[in-house]
Each structure stands twice: as structure tokens, then as C-alpha cells.
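One structure is given here, and the rest of the page talks about it.
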Amino acid sequence: MSVSISSLASSLSSLSFSSQISQKPNTLSFSRSKSPSLSLSPHSNSNKQPLTLRVTATVASPEATSTDLKKLVKSRLPGGFAAQPVHGTGRRKCAIARVVLQEGTGKVIINYRDAKEYLQGNPLWLQYVKVPLVTLGYESSYDVFVKAHGGGLSGQAQAISLGVARALLKVSQNHRIPLKRQGLLTRDSRVVERKKVGLKKARKAPQFSKR
């Protein structure tokens, strides 16, 4: 059976698509307004079958997840972070983290985002956040809500660790001994040393040439 290229081209050119985006499920659908016939042979004009085409794609929206987490945090923390009874502030380098603890299942939300997503899945940074809770065996007993700014992700993770440890002291003063034994209540005061005049960095000097 011979296929007519001209008939195929004319049939495909007559196809028209209309794009339609629905608001609720973020679904992208394409539907054809006409139903032309596609003939495979120029002699078989009587056997015409309608062609139906429909494509549906679901688009995941990350903004919806962050919006849901923001609503969750605001519903769990009425009045903001400072109005909560169990809170603590941690600092490291240029980073500042305000931490609130509430009884829960072990969720960690940083700046209205999941901790694993915010800290880019780095196991060391995630360990910094959970070390005070793991030390006392509370890793699945408290939800941690954090508002952090300044510095980088490493400094923010260590600031969160200090903030969680200080918040645990407000739960009970008996937590001071095990936390202090692990060095979790000590503020790390190390910062980058400033550059000196005549040097390349804080202490690195240019190469010496005798002649």
C-alpha cells in the first residue's frame, strides 16, 4: 500500500491544538479542536477514521510546598519566634539562628523549608543541627523551627546547633551537664582574620626576592 506524502502533509497541517492550563492541580492539557481524517492511501477515501490526541502533564510546584510550610510554622508559632516559651539564639561567624522547640515528631524546618532541602542534603550540616537532640535522646520528641540569616550554610548549621542546645536548657536545667560535657553550650568565637596591609591575606606575604 503506497502512502501519499502530499495527503499526509495536508492532513497534518490541518491539525490545530489549543493549550489549556487548569488552576487547581497544575495540569497542562492539549486538546484538538477539529477531528480531520488521515488517509494512508490516495485510493482509499472511503475508510476514514477520526484521529484523537490528548496529552496531560502534571507539574510539581515547589512554591506550594514552601507556602504550606509557612502556614504550618505560623499556625504552630502564634506571635512569632520571640513569643514562644522554649527558644534559644545561636551564633557562629556572621550567622545568627533563632530556634524554637515544640513537642512533636522530630521535624526540622529552617526558614520555612525542610532542613534537608535547605542544607542541600549535606550530612555534616544536618548532624550539627541534630547533635544536641541526639545527645539527650530527644531526636524524635521535639520539632525544631529555625529562622537563620547571615553567613553561609555551614555557619548557620553550627549556629542552629548552639541555639538548640540553649533552648534545651529552658526545657530543664538538668540538661546542662550532658550538653556542656559535649561542648555544645560553648560559643565558637573563631572568625576569619582580617587582611593586613602589605600582605596578600591575613598572614601570607608576597614572595621575597633578595635582588
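These values consider heavy atoms only, across backbone and side chains, with no hydrogens, waters or symmetry-generated copies. None of the values given here were measured: they were computed from a predicted structure.
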Keeping K71 on the side-chain end and S75 on the backbone end, is there a donor-acceptor pair under 3.5 Å?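 Absent.
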Between the side chain of R98 and the main-chain N/O of T89, is any donor-acceptor distance below 3.5 Å?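 No; judged by distance alone, with no hydrogens or angles, the pair does not exist.
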How close do [X] and [Y] get, counting heavy atoms only, and between which atoms?
X: L179; Y: A165; answer: CD1-O, 3.6 Å
X: P206; Y: G198; answer: CD-O, 3.6 Å
X: S161; Y: P132; answer: O-CG, 3.4 Å
X: R92; Y: G155; answer: CB-O, 3.5 Å
X: L72; Y: K107; answer: CD2-NZ, 4.3 Å
X: R91; Y: I96; answer: CG-CG1, 4.1 Å

Same apolar cluster: [X] and [Y], side chain cutoff 4.5 Å:
X: V164; Y: L119; answer: yes
X: L124; Y: V146; answer: yes
X: L77; Y: V99; answer: no

Partners passing side chain to side chain donor-acceptor pair (under 3.5 Å) against [X] (at least two apart in sequence or in another chain):
X: Q84; answer: none
X: S154; answer: Q158
X: R76; answer: Q102, D143
X: R190; answer: D188

Please identify each residue that fulfils side-chain contact (heavy atoms from CB on, under 4.5 Å) with [X], with sequence neighbours left out.
X: Q182; value: T135, L184
X: K116; value: D114, L126
X: V108; value: I110, A115, V129, V144
X: K147; value: F81, N111, Y112

As a quick check of understanding, evaluate side-chain contact (heavy atoms from CB on, under 4.5 Å) for L153 and Y118, giving each step before the final call. CA-CA 8 Å; L153 294 179; Y118 185 83; 3.7 Å; yes
About how many Å separate CG of L185 and CG of L162, when rounded to the nearest 0.5 Å?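 Between L162 CG and L185 CG, I get 7.5 Å after rounding to 0.5 Å.
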Hey, are the side chains of P178 and L136 touching, using non-hydrogen atoms and a 4.5 Å cut-off? yes
So, using salt bridge (Lys or Arg N to Asp or Glu O under 4.0 Å) as the criterion, who are the partners of E193 when residues are at least two apart? K196, R203
Y128 vs I160, side-chain contact (heavy atoms from CB on, under 4.5 Å): CA-CA, chis, key distance, verdict: CA-CA 8 Å; Y128 283 146; I160 293 170; over 6 Å; no
Can R194 and K201 be said to form a side-chain contact (heavy atoms from CB on, under 4.5 Å), step by step? CA-CA 8 Å; R194 65 160 294 234; K201 297 196 298 184; over 6 Å; no
ring-ring contact (aromatic ring centres under 6.0 Å, His included): pairs with one or both residues in residues 188-211, sequence neighbours excluded: none
Can you pull out every salt bridge (Lys or Arg N to Asp or Glu O under 4.0 Å) where at least one residue sits in residues 154-164? Sequence neighbours excluded, please.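 Pairs touching residues 154-164 that pass the test: none.
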Assess whether atom CD of E139 is packed by more than 12 heavy atoms of other residues, nucleotides or ligands within 6.0 Å.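 It does: E139 CD has more than 12 such atoms within range.
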K195 atom NZ, neighbour heavy-atom count above 12 within 6.0 Å: yes
Without placing hydrogens or testing angles, list every side-chain donor-acceptor pair under 3.5 Å for residues 167-177, not counting sequence neighbours.
residue : atom : partner : partner atom : Å
K170    : NZ   : H87     : O            : 3.4
S172    : OG   : N174    : N            : 3.2
Q173    : NE2  : L169    : O            : 3.4
H175    : ND1  : L168    : O            : 3.0
H175    : NE2  : Y138    : OH           : 3.2

